[in-house]
Structures are given as C-alpha cells and as structure tokens.
Amino acid sequence: MIVIEISIFEVLGPIMIGPSSSHTAGAAKIARIARTVANEDVKRVVFGLHGSFAKTYKGHGTDKALVAGVLGMKEDDENIRNSFTIAELNGVDYQFREIDLTNAHDNSVLIEIIDSNNKYHKVIGASIGGGRILITNIDDFEVEIAAENPVIITRNKDKKGVISEITSLLAQNNINIAVMRVSRKEKGTEASTIIETDDEISHAIIDQLSQIEYVDDVKVMNFMDNKAL
C-alpha cells in the first residue's frame, strides 16, 4: 500500500532543476510514478527512450532526471544532478536504451523495474510539455493518467460485484468519481481498475479498499492542485 502525493506546483511552477520542463521535470515525475508502482522498491531499472527522449536525453539531462525520479527525488531537488552517484551508493542498477514505441508521443519512456524480490514492474509515460505528463501503461494494463486528479489503481480478480463494492465504498466515504476505467487481460482472470476522483484519498479509505474480497493490491496517487507539499 503506497501513497504518492504530488502538487501541481511541482510540475507547472517555476522551480525545477534542468534546462527543459519536458525533458527534466516531466521525466522525473514519470519515474517517480514508476517508483510508486514498484512499491518504492527499485533494485534494477531499464529506461527505454523513444523519439526525442532517445535523441537528446544526455544533453537535456533526461537521464539524470529519470534516475532521480526512481530514487524518489522531486523536480526541484538539487541532487538531481548527482542522481547517478546516489543510485550507485544505494545499490540501484540503471541502464538506458533506445526503443521504438509505436504511435507514442515523441517524449516517451518505457520504465522497467526489477524490485528486491525479482518482481517485474512496467510503466510507459510521456512528457507532453510544460512539465505535464501522461501515463499510458502500467504493468501491461492500458491507462490514461494525466497526474491532475487523485488516482486509485486496484489490481483485482475479474469477479462479479468487485467493481460495485469499490464504487459503493467510495460513495459511502463521499468520494466523487470523475473518471473510471476497467481493463482485464482475459475474462475471469486479472483486472485493473483505474479511478480518478475529485477528492483526496485517505489512508483509511485505502485500508477499506484493500479489505474488499478479490482486491489484491491498491495504490493511490494524490495529485493535488493548489497545494504545495
């Protein structure tokens, strides 16, 4: 159970390290979300760079920003420039490679993480300008997360009634659902529910969601407008 809290000022505000909001601030934010998906347990990470990211990542500091992000650094952290050294000191192995993500935004990255239990995690995201991002894939489930509203991500069995229990619980807690997307790999197997809300999600609600039968994992990202951390 991991919660990540991100203010809109971290993305659009004037304070950031690096020459480009798209290539540094956006890249660091995508990588921090990938760190959250991996339960903040990053042992090895491979960054697959697509398009402009692949062509200019060294000159624009995208490489250092990505490593900083998986280490948990925010966009205004002066240690971004030292992220390679910090990663090595913390035993985090990293690698960069150029890839072609078909039909992806020009500033896209595939982040593949191996945690300390050798579990694999995957995130695809794009930096779409001005520090704004769009996450399009989490662990092979198609998503659309713009990091502007609080987001709940559940991993659950594809069973009847699970989605109803999730939405009912949120209603009981006065949480308004803005957008919901459910995807599954095969009928009756594993599913993922992505819910964007108008309200922040508390630890108490996360605990309640985790107790729903057939819900295997809950992650929350509280993207907060107008609230600096």
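Just so it is clear, the values below take in all heavy atoms, side chains as well, and ignore hydrogens, waters and symmetry mates.
- There is no path of hydrophobic side-chain contacts, each under 4.5 Å, that joins Phe141 to Leu101.
- In this structure, CD on Gln208 lies 9.5 Å from CG on Leu170, to the nearest 0.5 angstrom.
- At a threshold of 4.5 Å between non-hydrogen side-chain atoms, the residues Lys29 and Arg132 do not count as touching.
- Smallest separation of non-hydrogen atoms from Ser52 and Asn107: CB-OD1, 3.1 Å.
- Contact of the Asp199 side chain with the Asn174 side chain is not registered, since no non-hydrogen atoms from C-beta on lie closer than 4.5 Å.
- Rounding to the nearest 0.5 Å gives a distance of 11.0 Å between CG of Leu134 and CD1 of Ile124.
- Considering every non-hydrogen atom in both Ile153 and Ser192, the closest pair reads CG2-OG, 4.1 Å.
- In plain terms, the two heavy atoms of His105 and Ser127 that are nearest each other are CE1-O, 3.3 Å.
- Here the closest heavy-atom approach between residue Ala54 and residue Leu49 is recorded as CB-O, 3.3 Å.
- The pair Glu190-Arg155 counts as a salt bridge, with a side-chain nitrogen and a carboxylate oxygen less than 4.0 angstrom apart.
- Residues Ile111 and Tyr120 do not share a hydrophobic cluster, defined by chaining ILVMFWY side chains whose heavy atoms lie under 4.5 Å apart.
- How far NZ of Lys122 is from CG of Leu110: 6.0 Å, rounded to the nearest 0.5 Å.
- Nearest heavy-atom pair across Arg35 and Ile113 is N-CD1, 4.2 Å.
- Residues Val162 and Val220 share a single hydrophobic cluster, defined by chaining ILVMFWY side chains whose heavy atoms lie under 4.5 Å apart.
- At a threshold of 4.5 Å between non-hydrogen side-chain atoms, the residues Ile163 and Met180 count as touching.
- Rounding to the nearest 0.5 Å places CG of Asn118 at 10.5 Å from CZ of Arg44.
- Met73 places a side-chain heavy atom less than 4.5 Å from the side chain of Ile86.
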CA sep, side-chain torsions, deciding dist, call: Glu142, Arg181, side-chain contact (heavy atoms from CB on, under 4.5 Å)
CA-CA 9 Å; Glu142 298 300 317; Arg181 179 172 180 170; 3.5 Å; yes

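- Residues Leu66 and Ile114 do not share a hydrophobic cluster, defined by chaining ILVMFWY side chains whose heavy atoms lie under 4.5 Å apart.
- Taking CD1 of Ile128 as the start and CG of Asp106 as the end, the distance is 13.5 Å to the nearest 0.5 Å.
- Aromatic ring orientation, Tyr94 versus Phe84: parallel (interplanar angle below 30°, classes split at 30° and 60°).
- Once rounded to the nearest 0.5 Å, the distance linking CD of Glu200 with CD1 of Ile175 reads 9.0 Å.
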Please evaluate residues Arg32 and Glu75 with respect to the criterion salt bridge (charged side-chain N to carboxylate O under 4.0 Å, His left out), reporting the C-alpha separation (whole Å), side-chain torsions for both, the decisive distance (0.1 Å), and the verdict.
CA-CA 10 Å; Arg32 280 202 292 128; Glu75 292 74 50; 3.1 Å; yes

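- The shortest side-chain heavy-atom distance between Asp217 and Lys219 falls under the 4.5 Å cut-off.
- Partner Ile33 forms a side chain to side chain contact (heavy atoms under 4.5 Å, CB included) with one of Ile133, Val151, Ile145 and no other, that one being Ile133.
- Not counting sequence neighbours, Lys159 has no partner by the salt bridge (charged side-chain N to carboxylate O under 4.0 Å, His left out) test.
- With hydrophobic clusters built from ILVMFWY side chains whose heavy atoms lie under 4.5 angstrom apart, Ile206 shares a cluster with Val215.
- Minimum interatomic distance between Ile205 and Leu169 (heavy atoms only, all atoms of both residues): CG2-CD2, 4.0 Å.
- Within the 4.5 Å cutoff, the side chain of Ile30 has heavy atoms near those of the Ile135 side chain.
- Without hydrogens or angle criteria, Thr167 side chain to Ser164 main chain gives a donor-acceptor distance under 3.5 Å.
- Applying the salt bridge (charged side-chain N to carboxylate O under 4.0 Å, His left out) test to Glu112 and every residue at least two apart in sequence or in another chain returns Arg97.
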Check step by step if side-chain contact (heavy atoms from CB on, under 4.5 Å) holds for Val67 and Phe47.
CA-CA 9 Å; Val67 172; Phe47 300 102; 3.9 Å; yes

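- Residues meeting the salt bridge (charged side-chain N to carboxylate O under 4.0 Å, His left out) test with Asp115, sequence neighbours left out: none.
- The closest donor-acceptor contact from the side chain of Ser168 to the backbone of Glu165 lies at 3.5 Å or more, if one exists at all.
- Contact check for His121 versus Asp139: side-chain heavy atoms found under the 4.5 Å cut-off.
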Determine whether Asp158 and Lys187 satisfy the following criterion, salt bridge (charged side-chain N to carboxylate O under 4.0 Å, His left out), listing intermediate values before the conclusion.
CA-CA 7 Å; Asp158 184 27; Lys187 183 178 179 180; over 6 Å; no

